[in-house]
*Asks:* 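Structure in structure tokens, see below.
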Amino acid sequence: MFFRGRQPEASIWRRFRTGVDGFTFVQEGDYYAAHVVANAERVTDLFYALSELLPPAVDVFVDDLRTGRRHQGENLALPDVRDVLARLKVPLAAAGGVELAVYSTEDQLTLNQHLELFIYARTDRWLYILQGKGLREARAVRTRSWKLKRGEFQPAPDLESALAAAIERLGLKPAPASTA
């Protein structure tokens, strides 16, 4: 019989992750930008967890690439926004196809339709926060090999109903159509 020392505990995401959890961090002019890539569940969890670090009132933008509907809201209470994000984590991770942005004058968290997280900020604090979350900084991150365009995402009725409830709960208004 062999005796071993205490084994370090590994969280579930470390044990079963794909090994691609990482981020880039660059300064672009007067702001810093981070691009985080990990598996779908990890990215949606990070989006939710990092939203806690935003100020008490935030703006929200939602772009559903399946339906083409876009909504926005200003000066929303952060606890209400976080409650909605918590309810959207599972359907978002399962289906993607929605771009969500939660932002203030200093920071912006954006989860794109391909489930990649982008952070824009006026300070470099997010570098240390991401490192504290167990992510590794890299010169480049490997993004999804597939990129679907608007209208190419498969129907996701669970996500659509959760998104409709989120829009109603936050009182988001339709946003102007994109000119791009």
Side-chain angles (χ1 to χ4, degrees), residues 17-65 68-82 84-85 88-89 92-93 96-150 152-153 163 166-167 170 172-180:
R17 70 181 174 176
T18 61
V20 297
D21 294 359
F23 69 97
T24 60
F25 195 84
V26 296
Q27 183 174 7
E28 297 177 353
D30 61 344
Y31 67 93
Y32 294 87
H35 178 195
V36 181
V37 175
N39 67 43
E41 292 81 12
R42 174 83 164 129
V43 169
T44 55
D45 283 342
L46 272 170
F47 185 64
Y48 173 75
L50 296 175
S51 68
E52 182 178 26
L53 303 171
L54 294 172
V58 294
D59 298 341
V60 173
F61 181 81
V62 178
D63 185 3
D64 183 350
L65 276 74
R69 286 180 250 161
R70 302 157 52 104
H71 292 84
Q72 65 185 19
E74 296 178 350
N75 292 319
L76 302 171
L78 184 61
D80 293 341
V81 172
R82 293 194 77 240
V84 163
L85 294 178
L88 288 173
K89 285 191 321 183
L92 272 174
V98 175
E99 183 170 312
L100 275 171
V102 180
Y103 54 97
S104 67
T105 57
E106 297 296 314
D107 302 297
Q108 176 179 331
L109 302 177
T110 300
L111 182 66
N112 77 3
Q113 67 271 21
H114 303 293
L115 301 173
E116 297 172 347
L117 177 61
F118 292 87
I119 302 170
Y120 303 98
R122 299 207 186 275
T123 66
D124 64 350
R125 76 181 182 125
W126 294 99
L127 170 65
Y128 310 107
I129 293 167
L130 292 173
Q131 288 172 336
K133 295 287 184 185
L135 296 167
R136 294 214 169 128
E137 183 180 9
R139 287 189 186 169
V141 289
R142 188 172 172 187
T143 61
R144 308 276 185 258
S145 60
W146 49 266
K147 298 280 183 174
L148 298 177
K149 296 179 180 141
R150 186 177 294 274
E152 292 181 347
F153 288 91
L163 201 54
I167 289 166
L170 293 175
L172 302 181
K173 306 289 185 220
S178 174
T179 58

*Asks:* If every non-hydrogen atom of Ala175 is compared with every non-hydrogen atom of Gln72, which pair is closest and at what distance?
*Replies:*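 Looks like CB-OE1, 3.8 Å.
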*Asks:* So, do Leu117 and Thr44 sit near enough that their side-chain heavy atoms are less than 4.5 Å apart?
*Replies:*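 No, every pair of side-chain atoms sits at 4.5 Å or beyond.
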*Asks:* Is Asp107 salt-bridged to Arg125, going by a charged N under 4.0 Å from an acidic O?
*Replies:*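 Yes, Asp107 and Arg125 are salt-bridged.
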*Asks:* Can you tell me how far CD of Gln108 sits from CG of Leu54, rounded to the nearest 0.5 angstrom?
*Replies:*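 Result: 10.0 Å between the selected atoms.
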*Asks:* Quick check: closest heavy atoms across Thr24 and Arg139, and the distance to 0.1 Å?
*Replies:*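 It is CG2-O, 3.5 Å.
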*Asks:* May I have the step-by-step check of side chain to side chain contact (heavy atoms under 4.5 Å, CB included) for Lys133 and Arg42, ending in yes or no?
*Replies:* CA-CA 11 Å; Lys133 295 287 184 185; Arg42 174 83 164 129; 4.3 Å; yes
*Asks:* Mark yes or no for whether Arg122, through its side chain, and Thr105, through its backbone, hold a donor-acceptor pair below 3.5 Å.
*Replies:*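 Yes: the side chain of Arg122 pairs with the backbone of Thr105.
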*Asks:* Say you draw a straight line from CG of Asn39 to CG of Asp21; how long is it, rounded to the nearest 0.5 Å?
*Replies:*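 Going from the CG atom of Asn39 to the CG atom of Asp21 covers 6.0 Å.
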*Asks:* Does a side-chain heavy-atom distance below 4.5 Å link Glu137 with Leu127?
*Replies:*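 Of all side-chain heavy-atom pairs linking Leu127 with Glu137, at least one is under 4.5 Å.
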*Asks:* In sequence, state the C-alpha distance, the side-chain angles, and the governing distance for Tyr103 and Phe61, and then conclude on side chain to side chain contact (heavy atoms under 4.5 Å, CB included).
*Replies:* CA-CA 9 Å; Tyr103 54 97; Phe61 181 81; 4.2 Å; yes
*Asks:* Identify whether the distance between the nearest side-chain nitrogen and carboxylate oxygen of Arg70 and Asp64 falls below 4.0 Å.
*Replies:*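 Salt bridge flag = no for Asp64 with Arg70.
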*Asks:* Set out, in order, the CA-CA distance, both residues' side-chain angles and the distance that settles side chain to side chain contact (heavy atoms under 4.5 Å, CB included) for Leu109 and Tyr120, then state yes or no.
*Replies:* CA-CA 7 Å; Leu109 302 177; Tyr120 303 98; over 6 Å; no
*Asks:* Heavy atoms only: give me the nearest Val43-Leu115 pair and the separation to one decimal.
*Replies:*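 Closest pair (atom of Val43, atom of Leu115, distance): CG1-O, 3.5 Å.
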*Asks:* Minimum heavy-atom separation for Leu170 to Leu76, with atom names?
*Replies:*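 Looking at all heavy atoms of both residues, the shortest contact is O-CD2, 3.6 Å.
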*Asks:* Exactly one of Leu111, Val62, Leu100 should register a side-chain contact (heavy atoms from CB on, under 4.5 Å) with Leu88. Which one does?
*Replies:*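 Exactly one candidate clears the test, Leu100.
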*Asks:* Between Asn112 (side chain only) and Glu116 (backbone N and O only), is there a donor and an acceptor less than 3.5 Å apart?
*Replies:*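 At least one qualifying donor-acceptor pair exists.
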*Asks:* Can you give me the closest heavy-atom contact between Glu99 and Leu65, atom names plus distance?
*Replies:*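 Result for this residue pair: N-CD1, 4.3 Å.
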*Asks:* When rounded to the nearest 0.5 angstrom, what distance separates CG in Asp63 from OG1 in Thr110?
*Replies:*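 Going from the CG atom of Asp63 to the OG1 atom of Thr110 covers 11.0 Å.
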*Asks:* Would a 4.5 Å heavy-atom cut-off, applied to side chains only, mark Leu92 and Leu85 as touching?
*Replies:*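 Sidechains of Leu85 and Leu92: no contact.
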*Asks:* What verdict does the side chain to side chain contact (heavy atoms under 4.5 Å, CB included) test give for Gln113 and Val98, after you've listed the backbone C-alpha separation in whole Å, the side-chain angles of each residue and the deciding distance to 0.1 Å?
*Replies:* CA-CA 5 Å; Gln113 67 271 21; Val98 175; over 6 Å; no
*Asks:* Measuring from Ile129:CD1 to Glu52:CD, what's the distance to the nearest 0.5 Å?
*Replies:*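 Reported value, rounded in 0.5 Å steps: 10.5 Å.
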*Asks:* If every non-hydrogen atom of Ala40 is compared with every non-hydrogen atom of Ala93, which pair is closest and at what distance?
*Replies:*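 Closest pair (atom of Ala40, atom of Ala93, distance): CB-O, 3.5 Å.
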*Asks:* Would you say the ring centroid of Phe25 lies under 6.0 angstrom from that of Tyr32?
*Replies:*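 Centroid distance Phe25-Tyr32: below 6.0 Å, so yes.
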*Asks:* In Å, rounded to the nearest 0.5 Å, how long is the span from CG of Leu46 to CZ of Phe23?
*Replies:*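 Rounded to the nearest 0.5 Å, the CG-CZ separation comes out at 10.5 Å.
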*Asks:* Quick check for you: to the nearest 0.5 Å, what is the distance between Thr123 atom OG1 and Glu106 atom CD?
*Replies:*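 Reported to 0.5 Å precision, the distance equals 7.5 Å.
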